[in-house]
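Remarks on the structure that follows.
If you read the sequence from its start, that first residue is 1, and numbering goes on from there. Since this is a predicted model, take the numbers as computed values, not measurements.
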Amino acid sequence: MKLSEELQWRGFVAEHTLDQISDLDKAPRNFYWGTDPSADSLHIGQLAALMMCACFVRHGYTPY
């Protein structure tokens with residue numbers, strides 16, 4: 001399964017700024033996900049974003 005297909009299957013794609021969501025499948029890139037690590041726990045919005053980051057990593061993207 002390609003990255004764009006997995007993101008759509010998991011419901012992570014509602015709106016995007018890419019011309020085509022399949023542009024994500026061309027070549028892995030680097031990405032950044034910022035969060036505040038000083039909180040006692042994650043909330044559901046942070047967890048959903050973290051799960052999406054895991055999809056990118058499985059498809060060869062590099063987080064920093």
Side-chain angles (χ1 to χ4, degrees):
M1 180 181 294
K2 295 179 182 176
L3 175 59
S4 60
E5 295 168 347
E6 183 174 355
L7 294 175
Q8 290 173 340
W9 180 77
R10 293 185 182 278
F12 288 130
V13 178
E15 296 178 12
H16 55 85
T17 58
L18 299 170
D19 291 334
Q20 298 289 329
I21 193 69
S22 60
D23 290 347
L24 293 173
D25 302 327
K26 290 181 181 175
R29 303 176 214 166
N30 297 332
F31 71 92
Y32 173 78
W33 173 59
T35 188
D36 179 11
S38 65
D40 292 337
S41 62
L42 293 174
H43 58 69
I44 191 68
Q46 292 168 322
L47 178 60
L50 183 60
M51 291 171 57
M52 183 172 65
C53 289
C55 290
F56 279 86
V57 170
R58 279 194 300 273
H59 288 275
Y61 279 66
T62 305
Y64 61 92

Open item on the list: Just to verify, what does Asp25 make a salt bridge (charged side-chain N to carboxylate O under 4.0 Å, His left out) with, not counting sequence neighbours?
Closed with: none
- [ ] Give the cluster check for Leu3 versus Phe31: same hydrophobic cluster or not, with ILVMFWY residues linked at side-chain heavy-atom distances below 4.5 Å.
- [x] yes
Open item on the list: Hydrophobic cluster membership, with links at side-chain heavy-atom distances under 4.5 Å among I/L/V/M/F/W/Y: are Met1 and Leu7 in one?
Closed with: no
Task: Shortest non-hydrogen contact between Pro28 and Gly60, atoms and distance - done: CB-O, 3.2 Å
TODO: Quick one: closest heavy-atom pair of Gln8 and Ile21, and the distance?
DONE: NE2-CG2, 3.2 Å
TODO: Might you confirm whether atom CH2 of Trp9 has over 12 heavy atoms from other residues, nucleotides or ligands at distances under 6.0 Å?
DONE: no
Open item on the list: Could you measure the distance from the CD atom of Glu5 to the NE2 atom of His59? Nearest 0.5 Å is fine.
Closed with: 9.0 Å
TODO: Would you give the length of the straight line joining atom CG of Asn30 to atom OG1 of Thr62, rounded to the nearest 0.5 angstrom?
DONE: 5.0 Å
Open item on the list: Applying salt bridge (charged side-chain N to carboxylate O under 4.0 Å, His left out) as the test, list every pair that has at least one member in residues 42-52; sequence neighbours left out.
Closed with: none
- [ ] Could you list who else is in Tyr64's hydrophobic cluster, with ILVMFWY side chains joined at under 4.5 Å, directly or through other members?
- [x] Tyr32
Let me check something: any side-chain donor-acceptor pairs from residues 40-58 under 3.5 Å, sequence neighbours excluded? List them with distances.
| from | atom 1 | to | atom 2 | distance (Å) |
| --- | --- | --- | --- | --- |
| His43 | ND1 | Gly45 | N | 3.1 |
| His43 | ND1 | Gln46 | N | 3.4 |
| Gln46 | OE1 | His43 | N | 3.0 |
| Gln46 | NE2 | Thr35 | OG1 | 3.0 |
| Arg58 | NH2 | Glu6 | OE2 | 2.7 |

